[in-house]
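Because only heavy atoms are used, hydrogens play no part in the values below, and waters and symmetry mates are left out as well, while side chains stay in.
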Amino acid sequence: MKRILLPAGGAVLATGLLAAGLAGTASATPAPTDEYLAKSAQQVADIIDFWTKSDNAALKSATAYHWDYKEVKKLVQKGNYVADTKPGVVAPIGEEKKVAAKVHNVNVPKTIGKVFFEGRDGKLYWCTGTSIQANYKNLVSTAGHCVYDLAGNDEVVSRWVFVPAYYQGKAPYGLYVGKQAFTHYDFSIYEDFDRDYAFVTVYNGIGGGAGAKAQVSKGEYDKHVGPKWTERKYFDFSDPKQEAEWKAGRSKYGDNGPFQSEVADKDKVEHVARPSAVDTYGEFDDYIVEAGKDGIKAVKVSATEAQYTAAAGKENGVSAGTVAADFDNGAKFEKKTEAISKETYERLLAEKASGKFDGKLEELKPNGTVAGWQKTEYWTLLWVKSTAKTVHYAETYFVQDVKYVDNGRLGDVVGGQGFAYNQPTGKYVRTFGYPYAEHPDGSKPYTGVTVKNCYGKTSAKLVGSAAKKIEEHVALKCAMTPGADGGPWLLKYSNAKRLGYVNGVTSTFNDQDSNDRVDYISSPYFDGETNVVYKAAANTASGPMFPFPKP
């Protein structure tokens with residue numbers, strides 16, 4: 001969908017995440033803006049802890065993301081790209097003054113990695129991304145839909161991180177938390193896939209990793225700062241050996257030990273008489289008479305003034321003969337009077353009329369003048385026991401020592417690909433990604449574990465999709481499936497240096513021959529507007545935000 005903003009001088013303008021209010025004012029020059037993914041040290045610490053605890057369990061549980069995952073359709077002719085300025089390139093990191101090699105092969109650069117994030121639906125996903133040249137060596141390129149949750153009212157995703165050279169839960173070069181996301185406003189506002197690209201600045205990497213896990217006591221677990229988790233072993237009391245084992249542990253550790261019981265469904269209770277063994281009523285707050293299976297409790301329930309009066313107002317207990325019929329033997333009554341506002345008084349009057357308030361309401365009128373309002377509430381103890389199943393378990397506590405270190409800037413650690421725009425189609429590119437999803441016919445050739453690649457000439461012949469407002473995509477014959485979203489399309493990829501120029505990112509997956517298998521992928525055309533978005537990101541610093549103490 002073509003929507004180009006032209007300032008007074010005629011130069012094309014694009015910005016990072018422009019405010020929605022600017023979308024309708026093409027005559028004005030909008031100021032570049034950005035969207036924060038993580039803004040504080042605490043946010044960064046929480047994100048790092050979320051993805052790395054329990055031996056990177058969250059990283060391992062994520063799945064490939066594609067916002068319209070099952071909509072694999074044909075691309076059709078809807079127009080063509082237009083180069084809006086002269087072609088341009090930005091050299092890869094380390095190649096700024098060198099001539100790029102023209103050879104190509106399938107060697108995978110360590111700049112390629114997975115982008116992990118949490119969607120608005122609470123699920124964990126990944127896309128593909130790459131480190132790219134930037135003034136502060138802190139930039140990742142990926143697809144716009146790997147930064148924006150289009151199903152969530154165009155909000156940015158949560159817990160965004162980049163892991164270069166990711167493999168089976170391992171982060172060999174560290175984990176990089178996203179700071180700011182830059183994309184074209186046509187995508188963030190209009191969901192126009194002609195601008196489905198994003199450039200994300202990242203904080204310095206967190207490297208090193210956690211130490212070995214250790215089993216600790218409950219006290220040590222509570223005091224530990226860093227990754228920690230619990231594990232439970234349940235005991236079946238229908239087996240005498242398991243019951244004996246649990247009781248032995250309970251006897252050893254006492255009430256504060258790892259051997260515990262809990263009611264599986266605490267709402268399932270029945271009323272009972274006061275246990276004869278109890279000669280005092282204790283406190284109202286869930287006074288436990290008998291622990292364990294079918295434990296009996298005294299619970300605090302609301303009473304009426306009439307029930308309190310029938311019990312002769314005795315707050316220290318009454319005999320069975322003086323207790324109202326609604327309550328069980330051994331009930332104890334209590335009352336409390338306090339001043340309230342006129343508004344509260346009127347609200348409670350309405351609740352009392354509807355049966356929602358049991359207490360007494362008074363309007364105080366000394367000398368005929370209203371002086372205030374008060375309420376009096378009444379309670380009693382009601383003995384109940386659980387009829388739900390009680391489960392018995394031993395809880396084991398584990399911690400990991402934090403040994404994370406500041407790994408430095410992304411570009412210093414893994415390097416960065418170059419950037420190219422306004423390039424003609426018909427050039428060879430190599431694209432990388434972590435494909436995972438099945439084809440429309442249900443076949444699933446990819447695992448998402450290793451990086452795959454495709455090589456060929458780009459084409460502008462298959463560029464359109466009305467559903468995604470696509471008019472200016474370029475296409476590449478390639479059978480990779482979702483999971484490869486955001487993977488870079490590299491011009492002039494060098495075998496020896498493993499470097500090239502990012503000239504696109506994988507955006508859509510298409511079935512051109514209608515055999516229910518992906519056979520083409522497409523990318524937005526990188527033009528002068530893309531270059532403006534890229535420059536805004538490439539000139540934005542992030543720096544370190546190290547959340548853990550250094551060893």
Side-chain angles (χ1 to χ4, degrees), residues 35 37-38 47 51 58-72 108-109 111-132 139-152 154-167 169 171 175-178 181-183 187-188 191 193 195-202 410 414 417 431-438 446-454 468 476 478 480-490 502 504-509 518 521-524 537:
E35 185 78 14
L37 297 169
I47 292 171
W51 289 109
L59 293 178
K60 297 173 184 177
S61 68
T63 189
Y65 175 79
H66 193 252
W67 79 284
D68 55 0
Y69 170 87
K70 295 187 181 298
E71 294 184 13
V72 175
V108 178
T111 63
I112 306 296
K114 281 188 178 181
V115 168
F116 291 92
F117 56 89
E118 180 182 41
R120 190 169 184 262
D121 58 7
K123 295 180 180 179
L124 306 181
Y125 297 105
W126 88 68
C127 285
T128 302
T130 187
S131 174
I132 190 172
L139 197 60
V140 176
S141 72
T142 188
H145 68 264
C146 298
V147 174
Y148 270 91
D149 192 332
L150 299 182
D154 302 329
E155 63 186 17
V156 288
V157 297
S158 302
R159 294 173 168 155
W160 196 99
V161 297
F162 176 63
V163 184
Y166 175 85
Y167 180 75
L175 186 149
Y176 297 78
V177 176
F182 293 78
T183 193
F187 183 80
S188 60
E191 300 181 10
F193 269 62
R195 302 296 180 184
D196 184 21
Y197 47 76
F199 302 97
V200 180
T201 61
V202 295
L410 175 64
V414 300
Q417 302 297 330
T431 182
F432 295 90
Y434 287 87
Y436 173 78
E438 66 268 17
Y446 304 113
T447 64
V449 173
T450 57
V451 179
K452 302 298 180 181
N453 72 94
C454 289
K468 300 184 180 70
L476 178 69
C478 178
M480 285 199 289
T481 60
D485 308 51
W489 293 28
L490 300 178
V502 178
V505 292
T506 300
S507 173
T508 72
F509 304 85
V518 173
I521 59 176
S522 74
S523 165

Find the distance between [atom1] ([X]) and [atom2] ([Y]) and round it off to the nearest 0.5 Å.
X: Phe182; Y: Ser188; atom1: CZ; atom2: OG; value: 12.5 Å
X: Trp51; Y: Leu175; atom1: CH2; atom2: CG; value: 9.0 Å
X: Thr447; Y: Tyr434; atom1: OG1; atom2: OH; value: 10.5 Å

For Phe162, give me all partners under ring-ring contact (aromatic ring centres under 6.0 Å, His included), at least two apart in sequence or on another chain.
none
Non-neighbouring partners of Trp489 that pass ring-ring contact (aromatic ring centres under 6.0 Å, His included), sequence neighbours left out:
none
Can you give me the closest heavy-atom contact between [X] and [Y], atom names plus distance?
X: Ile132; Y: Ser141; result: CG2-N, 4.1 Å
X: Cys478; Y: Val518; result: O-CG1, 3.9 Å
X: Ala537; Y: Leu139; result: CB-CD1, 3.7 Å
X: Val502; Y: Gln417; result: CG2-CB, 3.7 Å
X: Val163; Y: Ala171; result: CG1-CB, 3.5 Å
X: Ser61; Y: Leu124; result: OG-CD1, 3.6 Å

Side-chain heavy atoms of [X] within contact of [Y], under 4.5 Å:
X: Val140; Y: Tyr176; answer: no
X: Val115; Y: Trp160; answer: yes
X: Phe187; Y: Phe193; answer: yes
X: Phe432; Y: Thr130; answer: no
X: Thr431; Y: Met480; answer: yes
X: Phe199; Y: Thr183; answer: no
X: Asp485; Y: Phe509; answer: yes

Who passes side chain to side chain contact (heavy atoms under 4.5 Å, CB included) against [X], sequence neighbours left out?
X: Thr63; answer: Tyr125, Tyr436
X: Ser131; answer: Thr111, Leu410, Val414
X: Ala38; answer: Gln43, Val44, Ile47, Val177, Tyr203

Are Lys114 and Tyr166 in a cation-pi contact, defined as NZ or CZ under 6.0 Å from the six-membered ring centre and within 45° of the axis?
no
The test is side-chain contact (heavy atoms from CB on, under 4.5 Å); show your working for Asn453 and Val108 and say whether it passes.
CA-CA 9 Å; Asn453 72 94; Val108 178; 5.8 Å; no
Exam field: side chain Asp196 to backbone His145, donor-acceptor pair closer than 3.5 Å
yes
Does the Thr128 side chain pair with the main chain of Gly483, one donor and one acceptor, at a distance under 3.5 Å?
yes
Judged by modelled atom types alone, do Ser507 and Ser522 share a side-chain donor-acceptor pair under 3.5 Å?
no
Looking at Trp126, Phe117, Tyr148, which one forms a ring pair (Phe, Tyr, Trp, His ring centres under 6.0 Å) with Tyr65?
Phe117
Contacts of Lys123 that satisfy salt bridge (Lys or Arg N to Asp or Glu O under 4.0 Å) - sequence neighbours left out
none
